[in-house]
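Here the structure comes first, spelled out in structure tokens, and everything after it is commentary.
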There are 2 protein chains.
Amino acid sequence: MSGYAPSEAARRSGFSLDTLRYYEKIGLLADVERTAGGQRVFTDDDLGWLVLFRCLRDTGMPIAQMRRYAQLARDGEHTADERHELLRHHAARVEEQMRLLQRQYDHLREKIRFYERLPAAAPGPEPGHGT
Amino acid sequence: MSGYAPSEAARRSGFSLDTLRYYEKIGLLADVERTAGGQRVFTDDDLGWLVLFRCLRDTGMPIAQMRRYAQLARDGEHTADERHELLRHHAARVEEQMRLLQRQYDHLREKIRFYERLPAAAPGPEPGHGT
DNA sequence: CTCCAACCTGGAGCGCGCTCCAGGTCAAGC
DNA sequence: GCTTGACCTGGAGCGCGCTCCAGGTTGGAG
């Protein structure tokens, strides 16, 4: 139930081996266990962190901020409020990001509709068309 | 109704002066008009292109692809199908992007809810919690 | 005519987030 | 015991998309 080789951790998390090492090097993942010979052994807890990192990364959080979050968590329970705030703050930015993406997607679809109505008449050179 | 100084074009498009020059240099914006003395004069058409570039950029299209699109448009009407295809293809990627963003946003909200239910009991060190 | 802010060019530099490399070590299977 | 593939380290390099800089020119206001 616990103790994954690097390649297995990479497979499960979707991060590359290099990225896992990189995340440890910069202090996102701290104190990854090692075998007597020095090879990494990832725990379920590490995997849990990686899932979180993927979530934060995919929603555009900069690494510096993930680092801060991870550090706070390591500092103990008394940082829970600050972590909570950090995530709420991030969520707000993600919402804004989603709105922008939706808006620009709508523009894009409009542009595409232009091409779909195109066969009828001769078009101008480009843009315009109200976009 | 037409003929904007660089600073005005920057203001209207939301791109920096440096970015406008950069976009011209790499061939996104081609043949921007100049005054006798060599200073740029942006037309409404240029502005239209900039709006499109912003849309594509904000939805994550790499510059190389925008360049390709712009080049096709310059090549004439017979490239309309290819441009159409390029945009449709991009739109599909944007849809995927939106789905992923939504999914990760949901994870994030779940994590936040964890902090909101927290005051009740003692939490573990971190992750886990089903995330 | 003078001034000065806005503009020009070519090219170097940057911040991010990895990714790759060389040269060596570890450990499971035969 | 030997082989071989997965792993280790420190550090250099990269791809993207700008951003900044030095040193010079332009052009509208006063």
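Since we're looking at a predicted model, the values are computed, not measured. The chains referred to below are lettered A, B, ... by the order of the sequence lines, with proteins before strands, and numbering in each begins at 1.
Considering only residues two or more places apart in sequence or on other chains, B/R68 meets the salt bridge (Lys or Arg N to Asp or Glu O under 4.0 Å) condition with B/E82. Under the salt bridge (Lys or Arg N to Asp or Glu O under 4.0 Å) criterion, B/R93 pairs with no residue, sequence neighbours left out. For A/E8, the salt bridge (Lys or Arg N to Asp or Glu O under 4.0 Å) partners two or more places apart in sequence, or in a different chain, are A/R11, A/R12. With sequence neighbours left out, B/R103 forms a salt bridge (Lys or Arg N to Asp or Glu O under 4.0 Å) with no residue at all. With sequence neighbours excluded, the residues satisfying side chain to side chain contact (heavy atoms under 4.5 Å, CB included) with B/R54 are A/Q104, B/F15, B/R57, B/D58.
Within the structure, ring-ring contact (aromatic ring centres under 6.0 Å, His included) pairs that include any residue of residues 25-44 of chain B do not occur (at least two apart or interchain). Residue pairs meeting the ring-ring contact (aromatic ring centres under 6.0 Å, His included) criterion with at least one member in residues 75-100 of chain B, sequence neighbours excluded, are A/Y115-B/H84.
If one axis is set at each end of the helix from C/dC1-D/dG30 to C/dC30-D/dG1 from five pairs, those axes are 10° apart, to 10°.
Under 3.5 Å, the side chains of A/R74 and A/Q71 contain a donor-acceptor pair of N or O atoms. No side-chain N or O of A/Y4 forms a donor-acceptor pair with one of A/D46 less than 3.5 Å apart.
Put simply, A/L17 and A/L50 are part of two different groups of oily side chains (I, L, V, M, F, W, Y) that touch within less than 4.5 Å, one to the next. By the criterion of side-chain heavy atoms lying less than 4.5 angstrom apart, applied directly or through intervening Ile, Leu, Val, Met, Phe, Trp or Tyr residues, B/V41 is not grouped with B/L47; the two fall into different hydrophobic clusters.
Using a 4.0 Å heavy-atom criterion, one finds that A/R57 contacts the sugar-phosphate atoms exclusively.
Listed by residue number, the members of residues 8-20 of chain A with any heavy atom below 4.0 angstrom from DNA chain C are A/S16, A/D18, A/T19. The stretch residues 24-42 of chain B touches DNA chain D through B/T35, B/G37, B/Q39, each having a heavy atom within less than 4.0 Å of the strand.
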Please tabulate, one pair per line, all N/O donor-acceptor pairs under 3.5 Å involving side-chain atoms of residues 21-34 of chain B, not counting sequence neighbours.
from  : atom 1 : to    : atom 2 : distance (Å)
B/E24 : OE1    : B/R40 : NE     : 2.4
B/E24 : OE1    : B/R40 : NH2    : 3.3
B/E24 : OE2    : B/R34 : NH2    : 3.3
B/R34 : NH1    : B/G38 : O      : 2.9

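Contact footprint of chain A on DNA chain D: nucleotides with an atom under 4.0 Å from a non-hydrogen protein atom, first to last in 5' to 3' order, D/dC7 to D/dG11.
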